[in-house]
Amino acid sequence: MKKDWMIKESELDEDQIKVLMATLDKSCLVTGCAGSGKSVLALIKAQRIQKERGSDYQIVVFTKALCHYMNSGRRELGLKNQFVYHWIWKHRKDCPSSDYMIVDEIQDFDENEIKEFINATNKHFFFFGDTAQSIYEGLKDTMPVEAISELLPRQNRPKQFGLYRNYRLPITVARFVQKIGVGLDPFLESTYKSPEKAMPLVLRYPSMKEQVKAISNIIKRKDLTDVAILLPHNDMVQAVGEMFDKIGVDYEMRYNDRADFRNNIDTLDFSTTNPKLMTYHSAKGLQFETVFLPCIEAFTDDRGSSSKALYVAMTRTYRYLYVLYSGQLPQPISEISPTYYKITETEEVEDI
């Protein structure tokens, strides 16, 4: 069942309240782990600006998928201004300025891009991010969140806030993904507030086709309606989409053709119950009841950035996590103790 990802103000913890109630007369830098409520606070902060200071604000995120996702929350809060994803803000709008700049997933931007946000701020900015979820290393020279303050004179440096509780991840999944992430804080069980307790499942199938058929069977059998199927590369997204077509599975996808952008596909609609098919990177900032990670045998780490991307993909779930593979489990998953997951769920599969 799809979970409302918005948090009511009455449900905020003391750290979140500090962020929300911080003066609008000083810039702020908010850090927090996956599931700590950063994106929701960005929305509520915009709502407060709109109520108290008017509508001269902008909200920018790095990915198009997250932009679509958060715009649903924008409507719920009555925000007048739409979220804009970064490429449009920079290349179509030419970095327009406003009194207040709100940027989510700030760890995905490089130093020059962050300076552009600062330069576009007439009054104050509010940046939200988490260095542990920076997954573009090797693709771009992203800037650590903790270093952003150094870009400004001492008297203009932002007030810094930390969010320390995780409301998304079940403790069972948290224990599992702690072995995957890079640069994570030490594991502290009391950090995790979700009541969900389903163990991650690591399931082996003879082939990629049978993994895909198993995903279809599991979705149908458990009547799952809030599902993400996440893969490391766009060509794998395309391949899984073609397999779903053959077995008659309705789905939505985000696919980028690096060779010819005219072949790009984006049919994601977060108001439907169709499974969402995309890369690890496209899933940044999103959440789903169930996350499937097929073809994990193809995972290879590259100076830690791939492990960060895998960590981000795994932390999109608020209930069920399925890791599917053929052949051998790759590192670092093969190094995780079997006490942290189950291998008992199996599916009969047919040829596609």
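Just the heavy atoms: all of them, side chains too, but no hydrogens, waters or symmetry mates, feed the values below.
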Colleague: Between E289 (side chain only) and Y320 (backbone N and O only), is there a donor and an acceptor less than 3.5 Å apart?
Modeller: no
Colleague: Would you confirm whether K18, through its side chain, and G162, through its main-chain N or O, come within 3.5 Å as a donor-acceptor pair?
Modeller: no
Colleague: I'd like to know if K284 and D108 make a salt bridge, using a cut-off of under 4.0 Å between side-chain N and carboxylate O.
Modeller: yes
Colleague: How far apart are the C-alpha atoms of D245 and Y251, what are their side-chain angles, what is the distance that settles it, and do they pass the side chain to side chain donor-acceptor pair (under 3.5 Å) test?
Modeller: CA-CA 9 Å; D245 288 336; Y251 65 94; 3.1 Å; yes
Colleague: Are W89 and F117 close enough that their ring centres sit under 6.0 Å apart?
Modeller: yes
Colleague: Taking K179 first and then E335, would you say they form a salt bridge - that is, a charged N and a carboxylate O separated by under 4.0 Å?
Modeller: no
Colleague: With a 4.5 Å cut-off on side-chain heavy atoms, are L310 and L293 touching?
Modeller: yes
Colleague: How about Y340: does its OH atom have over 12 heavy atoms from other parts shown lying under 6.0 Å from it?
Modeller: no
Colleague: Counting only N and O atoms by type, is there a donor-acceptor contact under 3.5 Å from the side chain of Q58 to the main-chain atoms of M101?
Modeller: no
Colleague: Checking the side chain of Q50 only, and the main-chain atoms of G78 only, is there a donor and an acceptor separated by less than 3.5 Å?
Modeller: yes
Colleague: Do P294 and L231 touch side chain to side chain, with heavy atoms closer than 4.5 Å?
Modeller: yes
Colleague: Using the ring of F244 (Phe, Tyr or Trp, six-membered ring only), decide whether K213 places NZ or CZ under 6.0 Å from its centre and within 45 degrees of its axis.
Modeller: no
Colleague: For the backbone of F125 and the side chain of S27, can you confirm whether one donor and one acceptor N or O come within less than 3.5 Å of each other?
Modeller: yes
Colleague: With the threshold set at 4.0 Å, does a side-chain nitrogen-carboxylate oxygen contact exist between R165 and D15?
Modeller: yes
Colleague: Quick one: which of I49, D99, T121 gives a side-chain contact (heavy atoms from CB on, under 4.5 Å) with Y57?
Modeller: I49
Colleague: Can you check whether F270 and H68 have ring centres sitting under 6.0 Å from each other?
Modeller: no
Colleague: Does I102 share a hydrophobic cluster with M21, counting links as ILVMFWY side-chain heavy atoms below 4.5 Å and allowing steps through other members?
Modeller: yes
Colleague: So does E242 pair up with K246, basic N to acidic O under 4.0 Å?
Modeller: no
Colleague: Just by distance, do the side chain of T191 and the backbone of F187 share a donor-acceptor pair under 3.5 Å?
Modeller: no
Colleague: Does the distance from a Lys or Arg side-chain N to an Asp or Glu carboxylate O, for K38 and E105, drop under 4.0 Å?
Modeller: no
Colleague: With no hydrogens and no angle check, is any side-chain donor or acceptor of N81 less than 3.5 Å from a backbone partner on S55?
Modeller: yes
Colleague: Does Q331 CD have over 12 foreign heavy atoms under 6.0 Å away?
Modeller: no
Colleague: Look up atom CZ in F128 and atom CG in L43, then write down how far apart they are to the nearest 0.5 Å.
Modeller: 9.0 Å
Colleague: When hydrophobic residues are tied together by side-chain contacts of less than 4.5 Å, even through go-betweens, does I88 share a cluster with I106?
Modeller: yes
Colleague: Determine whether S326 and P206 make a side-chain contact, defined as any pair of heavy atoms from C-beta on separated by less than 4.5 Å.
Modeller: no
Colleague: Do any N or O atoms from the side chain of R157 and from the backbone of E150 form a donor-acceptor pair under 3.5 angstrom?
Modeller: no
Colleague: Would a hydrophobic clustering, with Ile, Leu, Val, Met, Phe, Trp and Tyr connected at side-chain separations under 4.5 Å, put F161 with L24?
Modeller: yes
Colleague: Is M253 close to M278 at the side-chain level, that is, under 4.5 Å between some pair of heavy atoms?
Modeller: no
Colleague: Kindly indicate, with the supporting measurements, whether the criterion salt bridge (charged side-chain N to carboxylate O under 4.0 Å, His left out) is fulfilled by R53 and D25.
Modeller: CA-CA 11 Å; R53 304 292 174 89; D25 295 322; 3.0 Å; yes
Colleague: Establish whether L29 and L152 are linked, either directly or via other cluster members, by ILVMFWY side-chain heavy-atom contacts under 4.5 Å.
Modeller: yes
Colleague: Would a 4.5 Å heavy-atom cut-off, applied to side chains only, mark F126 and V30 as touching?
Modeller: no
